[in-house]
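Working notes, beginning with the structure itself.
Residues take their numbers from the sequence shown, with the count starting at 1. Order of listing sets the numbers, starting from 1, for every ligand and every atom in it.
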Amino acid sequence: MTAKIISGTEVAKEIRAELQERVTKLKAEGVTPGLVMIRVGDDPASVSYVTGKEQACEEVGIWSETYVMPESASEDELLAKVAEMNKAEHVDGILVQLPVPKHIDADKVLNLIDPAKDVDGFHPINVGKMLIGDPYFMPCTPHGAVELMVRSGNSPEGKHVVICGRSNIVGKPLMAMLVQKKPHANATITVVHTGTKNMSEITRQADILVAAMGSAEVIKADMVKDGAVVIDVGVNRVGMKPSKKDPTKMVADLRGDVDFEAVKEKASAITPVPGGVGPMTITMLMMNTVVAAERRAARSKK
Ligand code: GUN
């Protein structure tokens, strides 16, 4: 079997068109959705992610501003910027790009973001609300992965979903989302991780296999059941390569957590890297920002 390629780029385009309409409606009511991003230091991956998010804001009609702080910025300076943005009326969403430099306590920063502006869905209050089935903002990458499953006709309902990886950004929240007794969830979940002894025995039982370990091409064909749906959340930079658009320019060589060429011969559907979950993550950030602005518009009518 050769797998159907699930295009995150296409699904993201569809959702962004829906968001554009919601933004047009908000603007007619006098509310422009606003997202503030804070980047500390010049990590190349972070620079690229933040640029992608700025471009998506522009496309959807969201106002955005990025504060770039030097690598040497103190924790207090970053906390002060977050506190200032918490108070700013026109700011619907605040995002601190991770990772932050080692001398800054990331949890302390994330905990200071007003949960009502936490469009990343990382604040413990929002994590807890999601876990009890009353989500306020859902984290963008796992939410994007679920939307991609559903909109490509691969709903997780009633399926055995095996999640590889237990990070706070992907594995754990995805587990919390899919276990809910709700439409587009209600799945049986297994999480495998570095402490799992018989990993491939378990991954071979997956109807839907989600790879989110952060290691390049570690999911091999013999770990996948015939006809499984494979969602690759990994973004690993393995080096540089000439750009397809302009071969005189070098760009990052991105690989997923899945050995794509081999696994696509076994799966029924698979997401590519790039062009799979990545564009969905950014789109879910746009969605959360629009939702936050819609809540602001509703408050102003009261
Ligand atoms: N770094 C890697 N992924 C993310 C994300 O989803 N949000 C933020 N803020 N930083 C990240």
Side-chain angles (χ1 to χ4, degrees), residues 8 12 34-57 62 64-69 71 73 75 78-79 81-82 85-86 91-102 104-115 117-124 126-127 130 135-148 165-174 176-177 210-216 231-237 252 254-257 273-274 276-289 291-292:
L35 174 66
V36 160
M37 290 174 273
I38 308 172
R39 171 164 66 76
V40 187
D42 294 314
D43 169 59
S46 292
V47 172
S48 158
Y49 286 142
V50 169
T51 305
K53 290 168 187 176
E54 287 168 347
Q55 286 167 350
C57 282
I62 295 171
S64 81
E65 188 158 33
T66 304
Y67 293 96
V68 178
M69 295 185 161
E71 182 82 20
E75 186 176 280
L78 179 53
L79 291 171
K81 182 50 86 182
V82 170
M85 293 302 123
N86 278 344
V91 173
D92 296 296
I94 302 169
L95 178 147
V96 176
Q97 185 65 31
L98 300 175
V100 288
K102 282 197 180 69
I104 295 175
D105 180 347
D107 286 339
K108 200 165 166 188
V109 176
L110 297 180
N111 291 0
L112 185 68
I113 296 174
D114 179 349
K117 297 189 177 189
D118 170 38
V119 285
D120 253 331
F122 290 164
H123 193 287
N126 287 325
V127 176
M130 179 180 58
Y136 190 76
F137 287 121
M138 290 200 280
C140 305
T141 302
H143 190 194
V146 175
E147 279 288 332
L148 197 49
R166 57 177 157 190
S167 70
N168 288 338
I169 291 185
V170 186
K172 283 185 209 162
L174 184 59
M177 273 176 214
V210 180
M213 313 110 109
S215 298
I231 307 290
D232 191 349
V233 183
V235 185
N236 305 288
R237 287 161 186 258
L254 299 182
R255 304 288 169 89
D257 287 357
V273 177
V277 176
M280 292 299 292
T281 295
I282 298 186
T283 303
M284 292 303 114
L285 175 68
M286 301 299 111
M287 188 183 279
N288 281 348
T289 307
V291 166

Look at the side chain of Asp92 and the backbone N and O of Gly34, then say whether any donor-acceptor pair between them is shorter than 3.5 Å. yes
Got the closest protein heavy atom to atom 3 (N) of ligand 1, with its distance? Ile169 CD1, 4.3 Å
Nearest heavy-atom contact between Ala56 and Ile282 is CB-CG2, 3.4 Å
Around atom 9 (N) of ligand 1, find the nearest protein heavy atom and jot down its residue, atom name and distance. Asp120 OD2, 2.6 Å
Heavy atom under 4.0 Å from ligand 1: found in Thr281's side chain, backbone, both, or neither? neither
Grab the two heavy atoms, one from Ser167 and one from Val170, that are nearest each other, plus how far apart they are. OG-N, 2.9 Å
Provide the closest heavy-atom pair for Thr283 versus Ala12 in the form atom of the first, atom of the second, distance. OG1-CB, 3.3 Å
How far is atom 11 (C) of ligand 1 from the closest protein heavy atom, and which atom is that? Gln97 NE2, 3.4 Å
among protein heavy atoms, the one nearest atom 1 (N) of ligand 1 is Leu98 O, 3.0 Å
Test your reading of the structure: does Leu95 have an N or O sitting under 3.5 Å from an N or O of ligand 1? no
How close do Met130 and Pro173 get, counting heavy atoms only, and between which atoms? CE-CB, 3.6 Å
